[in-house]
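Below: the structure, in structure tokens.
Numbered from 1 within each chain, the chains take letters A, B, ... in sequence-line order.
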Amino acid sequence: MRIATWNVNSIRSRIDRVASWVDRHDVDVLAIQETKCREDQFPALELTALGYEYAHVGINQWNGVAILSRVGLEDVERSFGVDQPLFDDVLEPRAIGATCGGVRMWSLYVPNGRDLDHAHYQYKLDWLARLRSAGEQWLAKNPDLPIALTGDWNIAPQDDDVWDMAVFEGRTHVSEPERAAFRAIVDAGFSDVVRPHTPGPGVYTYWDYTQLSFPKKKGMRIDFVLGSPALAERVEGAWIDREERKGKGASDHAPVVVDLAD
DNA sequence: ATGGTGGCTGGGCCA
């Protein structure tokens, strides 16, 4: 079974690329981030025509996450808990879960944080702490369940996950509290199943649209698939499709793919 | 090529 995650930066503007990509690469389950639309605006036909079911949560032009599956889509949860943190009193659509082909799949869009002194930064840390708490409970309840925590984590856990640490001095994504929040989820039992198959340095999943970042190889590794022990032991390979970052109409993120033994 | 973001929306925010 092939699962993947991809921040598409608007599903409506990227629908042709997304449909073509999942079809071309025989993707069974795709976690999507930043759909940037309401649920009634989701371009479903192009995907259902290819044999995919989907679940989506979106309330406006911000955030929005979805899961596509052609191996079943059951037990959809539209957040990881009733206590999921709020920002500006809004429960932002940043997490959706579903069971697809026996895998508990989560599509996660971790808050960006904006700046170290911004309220959004604490929101990010709170959000990650809640996710860790939820993840611990899922594993405690069912230690043998294959769970995939996938998405745009907006964290570069290691120095070589950015092209130049000096540039990121004093900025989000690389701060110690963010890295600690990420490590806490790893320590809870969810390991990065992609990095062993895609060693750095210079291996990224995101390149800013500005300043010719992509051709200049100025990227960041911020999109991850963290797997529970039962998921991790089934991983046969993983890769980042940087080809998909090329050309006109590309998202600023590349898809991240994981192949699982059946 | 002496420059160089994109999306949603409708000016400004967000990333």
Side-chain angles (χ1 to χ4, degrees), chain A residues 5-21 31-44 46 56-66 85-96 107-128 150-157 161-164 167-175 178-179 181-182 204-224 240-256:
Chain A
T5 184
W6 190 7
N7 180 324
V8 300
N9 185 22
S10 168
I11 188 62
R12 287 179 292 173
S13 68
R14 217 76 62 208
I15 183 59
D16 289 350
R17 269 192 181 250
V18 173
S20 170
W21 186 79
I32 297 173
Q33 298 85 40
E34 281 209 270
T35 59
K36 287 187 167 178
C37 66
R38 299 187 308 266
E39 283 151 41
D40 62 287
Q41 297 173 308
F42 193 88
E46 290 86 342
H56 171 230
V57 56
I59 55 175
N60 54 27
Q61 70 269 46
W62 309 122
N63 314 304
V65 286
L86 305 176
F87 188 74
D88 286 345
D89 294 326
V90 173
L91 178 63
E92 295 186 317
R94 293 181 175 275
I96 191 167
S107 179
L108 305 168
Y109 181 43
V110 176
N112 172 284
R114 303 187 187 175
D115 293 294
L116 297 184
D117 59 358
H118 196 286
H120 210 262
Y121 179 73
Q122 190 58 47
Y123 168 53
K124 179 181 195 172
L125 297 178
D126 291 344
W127 198 96
L128 287 162
T150 85
D152 176 356
W153 293 74
N154 271 317
I155 297 170
D161 293 334
V162 298
W163 79 92
D164 182 359
V167 172
F168 286 83
E169 184 68 34
R171 292 175 34 183
T172 61
H173 294 62
V174 300
S175 75
E178 290 165 276
R179 288 177 167 179
F182 186 88
Y204 309 124
T205 64
Y206 163 84
W207 298 260
D208 195 290
Y209 282 127
T210 67
Q211 302 300 119
L212 298 175
S213 297
F214 184 66
K216 291 181 176 176
K217 306 186 188 308
K218 294 182 174 179
M220 306 169 72
R221 191 202 287 254
I222 56 175
D223 300 88
F224 298 96
I240 298 160
D241 189 7
R242 82 182 278 293
E243 288 301 304
E244 192 56 37
R245 180 62 179 79
K246 296 179 179 177
K248 190 174 169 57
S251 168
D252 41 2
H253 293 253
V256 179

[N] [atom2] sits how many Å from [X] [atom1], rounded?
X	N	atom1	atom2	value
A:K124	B:dA15	NZ	P	10 Å
A:Y206	B:dC14	OH	P	15 Å
A:E34	B:dC8	CD	P	11 Å
A:Q211	B:dA15	CD	C1'	15 Å
A:H118	B:dC13	NE2	P	11 Å
A:R114	B:dG12	CZ	C1'	13 Å
A:N9	B:dC8	CG	C1'	10 Å
A:E92	B:dC13	CD	P	17 Å

Pair [X] and [Y], ring centroids less than 6.0 Å apart:
X	Y	result
A:H120	A:Y123	yes
A:Y209	A:F214	no
A:Y206	A:W153	no

Nearest-neighbour nucleotide for the A:Y209 side chain, B:dA15, B:dT5, B:dG7 considered: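 Out of B:dA15, B:dT5, B:dG7, the nucleotide with an atom closest to A:Y209's side chain is B:dT5.
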Of the listed nucleotides B:dA15, B:dG4, B:dC8, the one nearest the side chain of A:L212: B:dG4
Given DNA chain B, 5'-ward residue of the pair A:W62 and A:K36, judged by closest heavy atom: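 Comparing both residues, the 5'-ward one is A:K36.
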Contact nearer the 5' end of DNA chain B, comparing A:S13 with A:N7: A:S13
Phosphate-side-chain proximity, A:R14 and B:dG7, N/O vs OP1/OP2 below 4.0 Å: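 Result: yes.
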Any A:R12 side-chain N or O less than 4.0 Å from OP1/OP2 of B:dG7: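 No, no such contact exists.
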Sugar-phosphate only, base, or nothing, as touched by [X] at under 4.0 Å among non-hydrogen atoms:
X	answer
A:Y109	sugar-phosphate
A:R38	nothing
A:T210	base

cation_pi(A:R179, A:F182) dist<6.0 Å, angle<=45: no
Between [N] and [M], how far is it from one [atom1] atom to the other, in whole Å?
N	M	atom1	result
B:dG7	B:dG3	C1'	22 Å
B:dG10	B:dG6	C1'	16 Å
B:dC8	B:dG4	P	22 Å

A:V18 versus A:I32, closest heavy-atom pair with distance: CG1-CD1, 4.5 Å
